Amino acid sequence: MSEKAANYDPAAIEPKWQSFWQEHKTFSSADPDPARTKLYVLDMFPYPSGAGLHVGHPEGYTATDIYCRFKRMRGFNVLHPMGWDAFGLPAEQYAIQTGTHPAITTRKNCDTFRRQIQSLGFSYDWDREVNTTDPDYYRWTQWIFVQLYNTWFDAERQRGRPIAELPIPPDVAARGPVAVREYRDSRRLAYYADAQVWWCRQCRIVCANEEVLNDGSHEKCGSKDVERRSLKQWLLRIPLYAERLLKGLDNLDWPEGIKEMQRNWIGRSTGAEVDFSLADGSGVLRVYTTRPDTLFGATYMVVAPEHPLVSRLADAEHRAAVVEYVRQASRKSDLDRTELAKDKTGVFTGSYAINPVNGQRVPIWVADYVLMGYGTGAIMAVPAHDTRDFEFAQQFGLPIICIMEPDSADADLKARVLAGEACWTEDGCYIRSANTETGLDFNGLNKQDGIARITAWLEGKGLGTATVNYKLRGWLFSRQRYWGEPFPVIHWEDGEISVLDEKELPLRLPALENYQPGEAGQSPLCNAGDWLNVVDPKTGRRGRRETNTMPQWAGSCWYYLRFIDPRNSDAPWNTAKEKYWMPVDLYVGGAEHAVLHLLYSRFWHKVLYDLGHVSTDEPFRKLFNQGMILAYAYEDPIGSKVPCDQVEERDGRFFQKETGVELRQIVAKMSKTLKNVVNPDDVVREYGADSLRLYEMFMGPLDAVKYWKTGGVEGLYRFLNRVWRMIVSKDGETSSVLPDAPVSREQERLLHATIKKVTDDIEGLAFNTAISQLMIFVNEFGRAEPRNRRAMETFVLLLSPLAPHLAEELWQRLGHPDSLAYESWPTYDPALLVADQVEIVVQVCGKVRARMSVPADATEAQLRDVALKNEQVAEAIAGKTIVKVIAVPGRLVNVVVR
RNA sequence: GCCCGGGUGGCGGAAUGGCAGACGCAACGGACUUAAAAUCCGUUUUCCCGGUUACGGGAAGUGCGGGUUCGACCCCCGCCCCGGGCACCA
């Protein structure tokens, strides 16, 4: 046996235990083990960038690792995997510049990430590692795409069904096979269509709406050179699942804020579609409104510039202006249209519609504040009760008729609303809302009753129907790139589209010489001649493969399912294993994925559920968002950034070490350009992984935003040194730890309080306070020698999820040959938590006047008596009348006097 | 504008109706040391009063203003500030 080191030396013990765990496959998850309760704990897997890990990455990973180690010791069969979301632009950009195949770059980056993650001692089951760029993985991503393609949504049953079960209406069937094909295609969850898309000129890539930020820049590259283009694209009919996605949120243990963000994104609204007949008798204009009750206040109509009726509505006099307006609107991006505080624009078409409730003629305008993509692309405008309409009406001098007296205490505001000088969108009492001809009258009603009354009336007359609308739009699912999953799709010369058979998957990416995408939006795959062109061996029909690839979301939409059965070559996963492991019990990751990734995953999962491939309706039972770790950055007076290691602090001010120039401190995300990235390798080298892990958890609550201070790691390193010295003596032995060393009553209480606190806190993901408690324990037990062996062993077990390397080493030195990973988690005796004597305070009118030591089980009456006899209390209440005495056992007594 | 978080010492934070500031960082003082590092011990919210000092006593204090309560960082109402999300979705 080698000589035992006498000092805490993480550089020696951490690699030792990491190899031990790996060699013994300590953390490999037993597949369906009916004897133990399963627990599936998942981290959002990373995109392995070339820059490697920064200290923000391990925050969530450390949290889940602690939780998993804890749960294993409590008898759970834990599934805890890690993998790589490895398709993405940077590797492709690098390929364009250097010709290096993205697969090579990706492999290198994954190796770096794996090495870094492993150096932190996380208890992943590495045999389950997956990589979205691996053909054995993306084969099944393609397979799921085929499932989506072959599924339609049965609105009545609210679920997806195989396309073969889609009923074909007789009139469609009668028009022949092409009509049937088109009918089916119009119902598939994946469809191919012309779409107005965002095009980033710098990346030469299509971006989804949500990838274009508010300031008009592309979130991936930051370029503002983003414009609208119309291109053939694959889209997914996620809006059909809007209602399911919305309702499913209710039963999830997710942060309320995230659920709310998803609800807002889905954007359900209820209202009515109402038909206005055109004054010239040529037809109807259908609008969608959430306020059909305000029909009497409608003073004009607006159609979106893209509305199909626009050219018909424009009369001779206004045609030129309308055409010009529509032309200008088409060149504007949505962004230009919605730019903040911008004046509204629009032109009158020259046509009128008839308001169905009172027969009045209302002018029809075209304006780009109405969007074609929502509702019917046309609205009735009620300026008195809608802020947008109000602004528009004011700008163009259109009439504003108030039809509801506001429920408002503000008399001035009320008067202005009634006079049509202000807008009121809240509840109130209808006025001017009656018409003798139609017999409608809801004057005096409130909003809720008004909406019900008018909706019933409209439906009765066949003029409108109650309607539900969602903001959620079709999901743009293709990118003009190389480094993504190829679509298993062939476009045939006769216009038919077909998907590959399951047996033909995976459709691999071809090797290319040139990765440069075309300027007109062609994918680099257009250059892959041999791969591109296909001939049907049976019919000789020629075809061309789809050259777009899937977006990065695709691989991450279902990776949690592949982890269940990662090496299965016959199926994406074994259904028995899926049934055992799903759903994910705890999913931890950044809030930046609040909407997109989590919504897309839920959508795919629901489709897979409808088709019978998975057993749960929702994939992630509990979600937790770790807060971001930010870092300080420094800039000199000229504004150039100074690397953190060249900064020195004096009296709360910051100076550049060499030049002595005073610097400005700013707070920001870690990034190369700010030169404030902290690499975990450096921290591990200096303090060890256990110190890094502990510091990340000790910084504050897991969900809070935190600021990295490398100095803080030092404190945790000192703590671990104290732990070491508490157990290991100067001779490298554990000679100060004795089985029969005495434990005082107070120490015994502290031991059990520590078990309780650490247990409860880890269960509640409150690691910062668990660590505090361990520190309190060490502060107490570190003082006295000899130390009780049982107490020390219990402590080591409590520490082990947080600082596993150190704990294993101490456990071994305490004479245990096996890893502690599956030792039973300590339990506490509630009886021992209570001290015999407790100190309580006595307040007089809420101010502390005395402290007394009393038996812990003293009753209210006893407390009261003791308190009133107390000298200081007597002094404080002298000459006053006691009004009331509140005694809270174990806490305090409050004497109220007058 | 709307929705969701959050505001506590020099700093990170703790306490969710019962002693505000646990635990850590930083700073300062002391012990050990030839010295340094490491380690250990102590002090550190603010203001006021008494005292030469050691120290003792008092008051205020959790963004601001009000309220509920014997008692409020915690609950309620109104406001301010910071962070995140959405933003002409009718």
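Here the structure is a predicted model, which is why all the values come from computation and not from measurement. Chain identifiers are assigned alphabetically (A, B, ...) following the order of the sequence lines, protein sequences preceding nucleic acid strands; residue numbering begins at 1 within each chain. Only heavy atoms go into these numbers, but all of them, side chains included; no hydrogens, no water, no symmetry mates.
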Discussion item. Does the structure show a Watson-Crick or G-U wobble partner for C75(B), both distances under 3.5 Å? Name it, or say none.
Written reply: G67(B)
Worksheet, complete the sentence: In whole angstroms, the gap separating C1' of A14(B) from CG of Asp760(A) amounts to 16 Å
Worksheet item: Taking the six-membered ring for Trp, are Phe781(A) and Phe777(A) parallel (under 30°), tilted (30 to 60°) or perpendicular (over 60°)?
Response: parallel
Worksheet item: At under 4.0 Å, does any side-chain N or O of Tyr374(A) touch on OP1 or OP2 of A90(B)?
Response: yes
Discussion item. When both hydrogen-bonding distances must be under 3.5 Å and the geometry is Watson-Crick or G-U wobble, what is A26(B) paired with, if anything?
Written reply: U44(B)
Worksheet item: Across the strands shown, which category fits Leu892(A) at heavy-atom distances under 4.0 angstrom: base, sugar-phosphate, nothing?
Response: base
Discussion item. For a quick check of understanding: with a heavy-atom distance under 4.0 Å over all strands, which category does Arg268(A) fall into, base, sugar-phosphate or nothing?
Written reply: nothing
Response to the item:
Rounded to whole Å, CD of Glu256(A) lies from C1' of G6(B) at a distance of 17 Å
Discussion item. Is a donor from one side chain sitting under 3.5 angstrom from an acceptor on the other, for Gln773(A) and Thr754(A)?
Written reply: yes
Worksheet entry | Cation over ring face, Lys344(A) and Phe392(A), 6.0 Å, 45° | no
Worksheet item: Does Arg849(A) or Ser269(A) map to a spot on RNA chain B nearer the 5' end, using the closest nucleotide for each?
Response: Arg849(A)
Worksheet entry | Base-pairing mate for C19(B) - Watson-Crick or G-U, with both contacts under 3.5 Å | none
Fill in: Nucleotide nearest Val841(A) (side chain, heavy atoms from C-beta), chosen from C19(B), A90(B), A22(B)
C19(B)
Discussion item. Only pairs with both distances under 3.5 Å count, Watson-Crick or wobble alike; so what is the partner of G1(B) in this structure?
Written reply: C86(B)
Fill in: Closest to side chain of Asn894(A), choosing from C40(B), C19(B), G71(B)
G71(B)
Fill in: RNA chain B: 5'-proximal contact among Asn469(A) and Ala704(A) (nearest heavy atom)
Ala704(A)
Worksheet item: So, is Asn264(A) near the phosphate of C4(B), with a side-chain N or O under 4.0 Å from OP1 or OP2?
Response: no
Worksheet item: Do the side-chain N and O atoms of Tyr325(A) and Thr345(A) include a donor-acceptor pair separated by under 3.5 angstrom?
Response: yes
Discussion item. Any strand counts, and the cut-off is 3.5 Å on both contacts for Watson-Crick or G-U wobble. Which nucleotide pairs with U39(B)?
Written reply: A31(B)
Worksheet entry | Under 3.5 Å side-chain donor-acceptor pair for Asp690(A) and Tyr717(A) | no
Discussion item. Would you say Arg891(A) places a side-chain N or O within less than 4.0 Å of OP1 or OP2 belonging to C70(B)?
Written reply: no
Worksheet item: Using a cut-off of 4.0 Å on non-hydrogen atoms, how would the nucleic acid contact of Pro255(A) be classed: base, sugar-phosphate, or nothing?
Response: nothing
Worksheet entry | Sugar-phosphate only, base, or nothing, as touched by Asn721(A) at under 4.0 Å among non-hydrogen atoms | nothing
Worksheet item: Of all the choices, G85(B), A59(B), C19(B), which nucleotide is nearest to the side chain of Met261(A) once you look at every atom?
Response: G85(B)
